[in-house]
There are 2 protein chains.
Amino acid sequence: MTYSSELIKGTLKTIVLKLLADNKRMYGYEITQRVKVLTLGKIQITEGSLYPTLHALEQEGWVSTETEYIGKRVRKYYSLSPAGKTKTKERVKEFSEFMDTMVFLLGIKPKTS
Amino acid sequence: MTYSSELIKGTLKTIVLKLLADNKRMYGYEITQRVKVLTLGKIQITEGSLYPTLHALEQEGWVSTETEYIGKRVRKYYSLSPAGKTKTKERVKEFSEFMDTMVFLLGIKPKTS
DNA sequence: GTACAATGCATAGTATTCCTATGTATATTG
DNA sequence: CAATATACATAGGAATACTATGCATTGTAC
């Protein structure tokens, strides 16, 4: 992983929720690969952190699951619940505001792409 | 509103280093107050997290200290070492790049203030 | 056709980071 | 003169993500 994993802390759930908001349904392994591709390998979510996170999201009622079989191999799809959609917006907004504060604190010029 | 402390995780050292880069020397309590003022109360660094962090920075050789007495009360000033100045730039840059990645991932419009 | 890589799930134990709670002491202010 | 602010410190705990490991199936390169 490029970024020190300490920076990722606190943002993993937000990343997962946002992906599910954009994609209707995804399975765990797919999420790890998607993040890797989207970030050009800069963020690598390990399975050891993702699966417990997904279980937590389900526990909290923000996602629901459906299990399918691809041949003999199981695949567990996750999709946002209505509560999860609300939570996603909250989380993204909170992170966005946190970033604005950090940009100011650290004197960073944000990419105005 | 105070940000959930989970978001702060991984950024505390960076914040402290940047403040020291801008201010030549500061003491612990002063840092907590400065951050509170600069962020309009949105980020509150507790003493229970700041002091151990400062000790760690000293341990790593990124800051040096000078103790002064204000009356009978002790005050411990911290200032960046040359290695600390380099480290600060690295840390700020790393966070900046992480933010760019997150902005893209989360589809956030950064403040182009 | 078979070793090796990739796909796909899972969890236990560990590391890191920060917070809460607590303690001590001095200075200021209403 | 009591409450609040200043100023340091640490022990124990909570939250988060990682490493290491395990199991099984599918695809690929030699």
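Proteins come first, then strands; the chains are lettered A, B, ... in the order of their sequence lines, and each starts at number 1.
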Review item, nucleotides 2-4 of chain D N/O atoms under 3.5 Å of protein N/O:
none

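Every pair passing ring pair (Phe, Tyr, Trp, His ring centres under 6.0 Å) that includes a residue from residues 60-80 of chain A is listed here, sequence neighbours excluded: A:Tyr27-A:Tyr77. Applying the salt bridge (charged side-chain N to carboxylate O under 4.0 Å, His left out) test to residues at least two apart or on different chains, the pairs with a partner in residues 72-87 of chain A are A:Lys87-A:Glu90. Applying the ring pair (Phe, Tyr, Trp, His ring centres under 6.0 Å) definition to pairs two or more places apart or across chains, none involves residues 29-60 of chain B.
Mapping A:Gln33 and A:Leu54 onto DNA chain C by nearest heavy atom places A:Gln33 at the nucleotide closer to the 5' end.
Spacing between atom CD of A:Glu60 and atom C1' of D:dT16 amounts to 12 Å, rounded to whole angstrom units. Atoms CD (A:Glu6) and C1' (D:dT19) sit 14 Å apart, rounded to a whole Å. Atom-to-atom, OH of A:Tyr77 to P of C:dG8 comes out at 8 Å; the value is rounded to the nearest Å. Going from atom CD of B:Glu58 over to atom C1' of D:dA9 covers 13 Å, rounded to whole Å. Put simply, CD on B:Glu30 is 12 Å from C1' on D:dT6, counting in whole angstrom units.
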Donor-acceptor pairs under 3.5 angstrom involving side-chain atoms of residues 12-22 of chain A: please list them, not counting sequence neighbours.
from	atom 1	to	atom 2	distance (Å)
A:Lys13	NZ	A:Glu60	OE1	3.2
A:Thr14	OG1	A:Arg91	NH1	3.4

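Residues passing the side-chain hydrogen bond (donor to acceptor under 3.5 Å, both in side chains) test with B:Thr86, sequence neighbours excluded: none. Residues satisfying the side-chain hydrogen bond (donor to acceptor under 3.5 Å, both in side chains) test with B:Glu30, not counting sequence neighbours, are B:Arg34. Every residue meeting the side-chain hydrogen bond (donor to acceptor under 3.5 Å, both in side chains) condition with B:Ser49, not counting sequence neighbours, appears here in chain and number order: B:Thr46.
As a member of the Ile/Leu/Val/Met/Phe/Trp/Tyr network built from side-chain separations under 4.5 Å, A:Val37 groups with nothing else and remains a singleton.
Scanning atom types as modelled, no donor and acceptor separated by under 3.5 angstrom connect the side chain of A:Lys13 and the base of D:dT16.
Contacts with DNA chain C (heavy atom under 4.0 Å) in residues 19-28 of chain B: none are found.
For the pair B:Tyr51 and D:dA9, the criterion of a side-chain N or O lying under 4.0 Å from OP1 or OP2 is not met. Proximity of B:His55 to the phosphate of D:dT10: a side-chain N or O atom is located under 4.0 Å from OP1 or OP2.
Taking five base pairs at each end of the helix from C:dG1-D:dC30 to C:dG30-D:dC1, the local helix axes there meet at an angle of 30°, rounded to 10°.
At most 12 heavy atoms of other shown residues, nucleotides or ligands fall within 6.0 angstrom of atom CD in B:Gln59.
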How would nucleotides 20-30 of chain C be written as a contact map, 5' to 3', with B for base contact, S for sugar-phosphate-only contact and - for no contact, using protein heavy atoms under 4.0 Å?
-> BB----BS---
